[in-house]
Amino acid sequence: MIRWAGLSCAVLLVGSMELHLGEAWWWQMLAIVAGTCVSEDLTCITVGLYVHDGRMTWAVALVGTFIGLFGGDVGLWLFGRLAGPRLLRWKRVARYVPTRRLEALAGWFEKYGFIAVFASRFMPGTRFPLYATAGLLGSRARKFVIWALISDLIYTPLIITVVAVGGGLIAGPLERFFGCGWWIAPLGALVIFFVLRLAFMLWRPIGRARLAARIEKIWRWEFWPGWIFYAPMTPYHAWLMLRHRGYTVWTCCNPAIEPGGGIVKESKWKILKHLPDDWIVPTALIEPGDLDHRCDLLLYTITERGWNWPVIAKPDVGYRGKGLKRLDHPRDIRPALNRNREAVVVQTYHPGPYEAGIFYYRMPGESRGRIFSITDKEFPELIGDGRNTVEQRIWKHPRYRMQARLFLQRHHAQRRRVLREGERFRLATAGNHAQGTLFKDGAHLITEALTQRLDEIVADFPGFDIGRFDVRYTDPEKLKRGEDFQIVELNGTTSESTNFYDPAGSLWAAYRTLMKQWALLFEIGARRRAMGVKAMGNCNLIALLWTYAREQNLERVGD
């Protein structure tokens, strides 16, 4: 959204140059410089089109564009130099920019500085992060200014000349179709801008894979943003609200789980304490406090309980696998706890190799429950061929390229590594779709024996009605018999029946599953309300969600 808003502003700014074409040369230069502040590429293309039409002189175009580009480069460097250290003191920023990565980038920039600066001119979207990072790293100002000066002196006449000479191929047909007007130049600039970006993407194999992934997201609904996917559910929610006389009646479910039966901000630790120890993964809680004390406490806990490495550390209040870290060695403890300053749940690592999400419900007042669905999870894994890097293998995979940015951010240090032929490389540890795990419908795992086992597990949890058990297990047949599995966590009312993410299913089937799930939530909530449980008020629900959104500063990419 921000990118498109910026592009719209750029179109308006460069379009306004038309108003100054009859003005003094310095008015034209001022319009050019203003345009480069919003979109350098779009402004350069527009100026080239004006030169092609003879409505702007070469001198004004070259000098104005050079001033705008060079001034912008120096400005970005100064921004990184002056504001960068302050930004890094913010937890939300520092979480995504670890010190070790900055140190590695500093060495790389010193070695390939000019090549990076010059190449960024032909790689849209790279200048801001590159130049600001150069300032943040404290790259010598004189050296950076020389690099930027040389690259701008080469790029400015090159791009304007190319557009001025060949721009008629685009502007001519537009004028014949739309007629003459002030919008022709910015429209032509937009067309050229997208043609160049498309050509640049198609030029590289990774670019072609990135373009394919963007196009495929149109029909691969499992990768849609949540607000788009859930929007069609709004009328159905409204109907359920009218039928049960209250939009928040579903918050009466799970009265033993706060807040609202497990909407957000519920404690994983408190929920697990209601379940028998024999059926949950060995778990400990590390409270907030002094970092050194927390590190010592965690190491003591692992040693005292005889746990083996690795262990899993994740926020006690979290969702969608955010902030989850696999700790393979005592040296991993401090970075993990430093990133998660709030309460952290630590668990032994269950090797699986299988994981499932079992969506279970039990009507209030009944001792027997039912399994609504089971999601069988398949962890993403690369298999090496001895030739391609981790990054290349990800982009070549028809599924992994849909979440390539996620995987490459998680495995940034190994993206250039070439995997040996047949070597397996696990891309995700968290059994979460948002972290890259494939979800499949596991209806074949539903049995009466497994249902009875879950009934026994929640028998002493009277305030629990509905939710999803995330379990690890070693053998599908044993799971069907209700044996040899351990619960990683239990999620409440807002947990999903995640089997609908199965790519083999249809979009309509996914919405059918969601509608059944929400109908069940409202029905259980209505029964609880009749038993005296009070629903959360609309204002309180909105305030809870708003507060959670503001306080949410977990690292988006977990392990």
Is any side-chain heavy atom of [X] closer than 4.5 Å to a side-chain heavy atom of [Y]?
| X | Y | answer |
| --- | --- | --- |
| P255 | R528 | yes |
| T451 | T447 | no |
| N308 | Y349 | no |
| L521 | I466 | yes |
| L545 | L541 | yes |
| V488 | V471 | no |
| K480 | L450 | no |
| V317 | E266 | no |

Main-chain N/O of [Y] paired with [X] side-chain donor or acceptor, under 3.5 Å:
| X | Y | result |
| --- | --- | --- |
| W250 | W518 | no |
| Q392 | T389 | yes |
| T494 | G262 | yes |
| R410 | L427 | yes |
| T251 | M536 | yes |
| D332 | D328 | yes |

Counting neighbours of [atom1] on [X] that are heavy atoms of other residues, nucleotides or ligands and sit closer than 6.0 Å, is the number greater than 12?
| X | atom1 | answer |
| --- | --- | --- |
| D290 | CG | yes |
| E448 | CD | yes |
| H293 | NE2 | no |
| R420 | CZ | no |

So if I apply the side chain to side chain contact (heavy atoms under 4.5 Å, CB included) rule between I374 and each of L445, D441, N499, which one comes out positive?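 Exactly one pass, corresponding to L445.
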For the atom pair [atom1] ([X]) and [atom2] ([Y]), what is the distance rounded to the nearest 0.5 Å?
| X | Y | atom1 | atom2 | result |
| --- | --- | --- | --- | --- |
| Q517 | R468 | CD | CZ | 9.0 Å |
| C539 | W546 | SG | CH2 | 15.0 Å |
| W395 | I206 | CH2 | CD1 | 7.5 Å |
| N338 | R294 | CG | CZ | 9.0 Å |
| F407 | Q414 | CZ | CD | 14.5 Å |
| L419 | I383 | CG | CD1 | 10.0 Å |

Before you tell me yes or no, could you show the steps for D465 and R527 under salt bridge (charged side-chain N to carboxylate O under 4.0 Å, His left out), namely the whole-Å CA-CA distance, both residues' side-chain angles and the distance that decides it to 0.1 Å? CA-CA 11 Å; D465 303 313; R527 292 195 184 189; over 6 Å; no
Between E216 and R401, is the side-chain contact (heavy atoms from CB on, under 4.5 Å) condition met? List the steps. CA-CA 10 Å; E216 289 172 16; R401 69 188 180 195; 2.4 Å; yes
Taking all non-hydrogen atoms of both residues, which atom of [X] and which atom of [Y] are closest, and how far apart?
| X | Y | value |
| --- | --- | --- |
| P503 | E222 | CB-OE2, 3.3 Å |
| G525 | C252 | O-CB, 3.4 Å |
| L327 | A313 | CD1-CB, 4.0 Å |
| A535 | T248 | CB-O, 3.5 Å |
| Q435 | A428 | O-CB, 3.5 Å |
| P288 | E342 | CG-C, 3.9 Å |

Just do the side-chain contact (heavy atoms from CB on, under 4.5 Å) check on W307 and V346 with the steps written out, would you? CA-CA 11 Å; W307 291 358; V346 183; 4.0 Å; yes
Name every donor-acceptor pair, under 3.5 Å, that has one atom in a side chain of residues 271-287 and the other anywhere in the protein, sequence neighbours excluded.
unit_1 : atom_1 : unit_2 : atom_2 : d
T283   : OG1    : V281   : O      : 2.5
T283   : OG1    : Q347   : NE2    : 3.2

Please assess N388 against K396 for the test side-chain contact (heavy atoms from CB on, under 4.5 Å), listing each intermediate value before the final yes or no. CA-CA 10 Å; N388 292 291; K396 286 184 176 182; 3.1 Å; yes
Just checking, is any N or O donor in the side chain of [X] or [Y] under 3.5 Å from an acceptor N or O on the other one?
| X | Y | answer |
| --- | --- | --- |
| Y360 | D455 | yes |
| R331 | H329 | yes |
| T437 | N432 | no |

Could you tell me which residues satisfy side chain to side chain donor-acceptor pair (under 3.5 Å) with D316, sequence neighbours excluded, listed by chain and number?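 Per chain and number, D316 pairs via side chain to side chain donor-acceptor pair (under 3.5 Å) with S267.
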ring-ring contact (aromatic ring centres under 6.0 Å, His included) between H411 and F425: does it pass, once the steps are laid out? CA-CA 10 Å; H411 301 290; F425 184 85; 5.0 Å; yes
Under the criterion ring-ring contact (aromatic ring centres under 6.0 Å, His included), I'd like the reasoning laid out for Y501 against F223: C-alpha separation, chi angles, the key distance, then a yes or no. CA-CA 9 Å; Y501 283 108; F223 299 107; 9.1 Å; no
Can you tell me which residue pairs pass the salt bridge (Lys or Arg N to Asp or Glu O under 4.0 Å) test with a partner in residues 374-393, sequence neighbours excluded? E355-K377, K377-D470, E378-K440, E381-R424, D385-R387, D385-R393, E391-R415, E391-R416
Under the criterion side-chain hydrogen bond (donor to acceptor under 3.5 Å, both in side chains), I'd like the reasoning laid out for D484 against T474: C-alpha separation, chi angles, the key distance, then a yes or no. CA-CA 7 Å; D484 197 21; T474 57; 2.5 Å; yes
Is the Y511 to F229 ring centre distance short of 6.0 Å? yes
Has R362 got its NZ or CZ under 6.0 Å from the middle of the six-membered ring of F464, at an angle within 45 degrees of the ring axis? no
Tell me whether the guanidinium CZ or amine NZ of R472 lies under 6.0 angstrom from the six-membered ring centre of F485 and within 45° of its axis.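 Not flagged: R472 not positioned over aromatic ring of F485.
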Classify the angle between the aromatic ring planes of F522 and Y247 as parallel (below 30°), tilted (30 to 60°) or perpendicular (above 60°). perpendicular
Run the side-chain contact (heavy atoms from CB on, under 4.5 Å) check on K516 and T513 step by step: do they pass? CA-CA 5 Å; K516 290 179 181 178; T513 300; 5.8 Å; no
Salt bridge between K314 and E489, side-chain N to carboxylate O under 4.0 Å?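 Counted as a salt bridge, because a side-chain N and a carboxylate O are separated by less than 4.0 Å.
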Show your working on salt bridge (charged side-chain N to carboxylate O under 4.0 Å, His left out) between R368 and E366 and close with a plain yes or no. CA-CA 6 Å; R368 297 289 304 278; E366 297 183 4; over 6 Å; no
Knowing that exactly one of F469, F439, F372 qualifies, which makes a ring-ring contact (aromatic ring centres under 6.0 Å, His included) with F359?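 For F359, the ring-ring contact (aromatic ring centres under 6.0 Å, His included) test succeeds with only one of F469, F439, F372, which is F372.
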